[in-house]
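Per chain, numbering begins at 1; letters A, B, ... match sequence-line order.
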There are 2 protein chains.
Amino acid sequence: MVDTLARMQTPARRYHHGDLRAALLARAEETLRERGPAALSLRELARDLGVSHAAPSRHFKDKQALLDALALDGFERLAATAEASQKGVGDPFAERLRALVRAYVRFAADNAELLDLMYSVKHDPEASQGLLAVAFRWSDHAVALIEYGQRRGEVREGPVTEVALPVFAALHGYADLAVSGMLPPGVLDGGLDEGLDVVLAFILRGSAPGPAAP
Amino acid sequence: MVDTLARMQTPARRYHHGDLRAALLARAEETLRERGPAALSLRELARDLGVSHAAPSRHFKDKQALLDALALDGFERLAATAEASQKGVGDPFAERLRALVRAYVRFAADNAELLDLMYSVKHDPEASQGLLAVAFRWSDHAVALIEYGQRRGEVREGPVTEVALPVFAALHGYADLAVSGMLPPGVLDGGLDEGLDVVLAFILRGSAPGPAAP
DNA sequence: CTCCCATTGTTGACAGCGTCATCATTGTTG
DNA sequence: CAACAATGATGACGCTGTCAACAATGGGAG
């Protein structure tokens with residue numbers, strides 16, 4: 001163990017890297033965050049890690065495979081964030097929804113480029129099975145929250161997917177608009193959370209029980 | 001088909017193409033639609049149009065410039081579609097909103113890859129001024145519609161940007177989710193318009209006058 | 001009408017990229 | 001210890017975007 005640790009910290013170039021796969025992913029995400037997806041190059045990653053230009057191919061069969069792994073990691077972290085957001089929150093639906101929404105928007109703000117990547121990978125018709133599974137873990141969680149609200153009588157009745165759809169849409173749309181700077185200037189001067197309250201109130205109004213709009 | 005078209009555009013290979021710029025944009029959009037953004041290559045475009053590999057540089061200083069032009073064209077068509085959607089529609093806010101929303105979702109469905117490009121270009125901090133202007137033409141139109149609804153007493157009072165924000169978010173979010181296949185399976189079996197009705201009802205409920213949700 | 005020159009297209013070069021085939025080193029396991 | 005699977009290195013290939021230098025075109029100025 002100590003031996004392993006010492007070798008990990010030693011910058012001296014050993015033939016075997018130790019954990020090249022993880023290092024590639026970490027560095028790739030860093031680059032993604034700092035210089036955008038277009039700046040991602042396998043050769044540059046290899047160079048940065050002091051490894052030959054073809055070494056990455058031992059861990060990712062091609063560039064897309066690395067992007068997929070990056071996206072999968074993102075979905076896992078998103079799901080974890082969503083689940084963590086529900087710990088230590090009160091019972092009312094509004095509170096729980098607020099926590100979830102904040103978690104999502106924060107994740108989107110903190111990982112804008114990664115989120116982009118996650119969506120574009122999912123858009124790919126030949127996305128891997130495991131990736132889809134993890135991708136839906138987060139949405140399943142959201143749907144479960146809607147059902148919870150319905151059971152408590154704080155969310156209008158109806159097929160849960162139908163009720164969840166617009167809630168989802170508003171949440172995702174807000175995060176996307178905010179992160180990509182598509183909002184009319186002046187709306188977000190107070191930061192993400194300001195607009196979030198507005199959107200949250202809107203969602204609650206739209207999903208609350210009561211008569212349909214005229 | 002493409003062959004016929006190409007021959008129609010170049011009856012005989014003149015030294016000067018005639019309208020290479022437009023031809024590049026048209027072919028680029030076609031490729032974007034059929035094979036995605038990653039398949040876009042200046043050299044391939046030039047090849048397809050029977051022109052030398054460096055000819056495009058006379059019209060677009062680099063690849064990004066071509067993408068910008070493509071995005072700008074997209075925004076113009078989106079704005080035109082949005083404006084056209086309001087012709088010959090009744091007075092009630094709900095009707096006008098419905099027309100606008102349908103137009104947007106249809107555009108998104110018909111131009112999914114292009115829309116992606118449009119948003120990613122805007123995300124670029126050094127997006128051109130003219131591009132931003134056209135990009136906001138469509139959102140201005142949407143904001144104007146909200147104001148119209150407020151004047152008619154069919155939309156709740158409040159700062160127009162605050163009221164418009166969640167409406168926008170829900171609309172954009174729905175289009176994005178639907179187009180990128182991120183919706184839980186089964187929701188959209190009836191096509192885009194089915195989910196659209198659900199979202200529309202939600203938006204109307206959320207933006208209607210009345211007491212705030214509990 | 002002619003000549004000039006800005007516009008547009010061509011050719012050739014360069015470095016960087018992803019990918020592949022082949023070879024070298026390592027760590028593990030029977 | 002020896003064989004073997006895993007991992008890394010090297011070199012090659014064709015593709016890409018970009019640039020510089022050169023060539024054809026065509027629309028005005030004289």
Side-chain angles (χ1 to χ4, degrees), chain A residues 1-8 10-28 31-32 34-71 117 120-121 124 126, chain B residues 6-7 9-28 30-32 34-71 117 120-121 124 126:
Chain A
M1 170 55 94
V2 170
D3 190 21
T4 316
L5 208 64
R7 265 186 288 147
M8 300 266 291
T10 307
R13 273 176 80 211
R14 309 177 311 297
Y15 192 87
H16 279 47
H17 178 282
D19 197 355
L20 182 55
R21 191 190 142 93
L24 283 168
L25 285 176
R27 184 80 177 120
T31 303
L32 182 66
E34 290 170 0
R35 294 164 44 216
L40 266 184
S41 142
L42 290 180
R43 289 177 106 108
E44 180 172 316
L45 287 178
R47 241 177 282 131
D48 288 353
L49 298 177
V51 104
S52 84
H53 67 259
S57 75
R58 294 292 163 193
H59 303 271
F60 305 99
K61 89 174 220 298
D62 53 16
K63 189 180 187 177
Q64 189 58 46
L66 186 149
L67 297 182
D68 286 2
L70 227 38
L117 182 71
S120 54
V121 165
D124 187 353
E126 40 184 323
Chain B
R7 263 183 288 144
Q9 289 169 344
T10 17
R13 270 182 76 212
R14 315 181 299 297
Y15 190 88
H16 280 50
H17 178 282
D19 197 354
L20 183 55
R21 190 191 142 94
L24 283 168
L25 286 176
R27 184 79 177 122
E30 199 177 336
T31 303
L32 181 66
E34 290 170 1
R35 294 164 45 213
L40 266 184
S41 141
L42 290 180
R43 287 177 106 110
E44 181 172 317
L45 288 177
R47 241 177 280 131
D48 288 353
L49 298 177
V51 105
S52 83
H53 69 259
S57 74
R58 293 292 163 197
H59 302 273
F60 305 100
K61 87 174 220 298
D62 54 17
K63 190 179 187 177
Q64 189 56 45
L66 186 149
L67 297 182
D68 285 2
L70 227 38
L117 182 72
S120 55
V121 164
D124 186 355
E126 41 184 323

Where [X] and [Y] come nearest, the two heavy atoms and their spacing:
X: A/Ser52; Y: A/Ala46; value: O-CB, 3.3 Å
X: A/Ala71; Y: A/Leu117; value: N-CD2, 4.3 Å
X: B/Ala54; Y: B/Ser57; value: O-OG, 2.7 Å
X: A/Pro37; Y: A/Leu32; value: CA-CD1, 3.5 Å

- Query: With a 4.0 Å cut-off, would you call B/Arg27 and B/Glu44 a salt bridge?
  - Reply: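 No, no charged N to carboxylate O under 4.0 Å.
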Between [N] atom [atom2] and [X] atom [atom1], what is the distance in whole Å?
X: A/Leu20; N: C/dT25; atom1: CG; atom2: C1'; value: 15 Å
X: A/Arg58; N: D/dA5; atom1: CZ; atom2: P; value: 14 Å
X: B/Leu67; N: D/dG17; atom1: CG; atom2: P; value: 10 Å
X: A/Lys63; N: D/dC15; atom1: NZ; atom2: P; value: 18 Å
X: B/Leu42; N: D/dC19; atom1: CG; atom2: C1'; value: 13 Å
X: B/Glu44; N: D/dT18; atom1: CD; atom2: P; value: 16 Å
X: B/Leu24; N: C/dT8; atom1: CG; atom2: P; value: 13 Å
X: B/Phe60; N: D/dT18; atom1: CZ; atom2: P; value: 13 Å

Under 3.5 Å, sequence neighbours excluded: what are the donor-acceptor pairs made by side chains of residues 63-70 of chain B?
{"residue": "B/Lys63", "atom": "NZ", "partner": "B/Leu40", "partner atom": "O", "Å": "2.7"}
{"residue": "B/Gln64", "atom": "NE2", "partner": "B/Asp68", "partner atom": "OD1", "Å": "3.0"}

Quiz item: In the strands shown, is C/dG30 matched to any nucleotide by a Watson-Crick or G-U wobble pair with both distances under 3.5 Å, and which?
Solution: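 Matched C/dG30 with D/dC1 under the 3.5 Å cut-off.
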Exercise for the section: Any strand is fair game: report the nucleotide pairing with D/dG28 by Watson-Crick or G-U wobble, both distances under 3.5 Å, or none. Expected result: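 Partner of D/dG28: C/dC3.
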What does the list of N/O pairs under 3.5 Å between the protein and nucleotides 12-16 of chain C look like, with a distance for each?
{"residue": "C/dG12", "atom": "O6", "partner": "B/His53", "partner atom": "NE2", "Å": "2.7"}

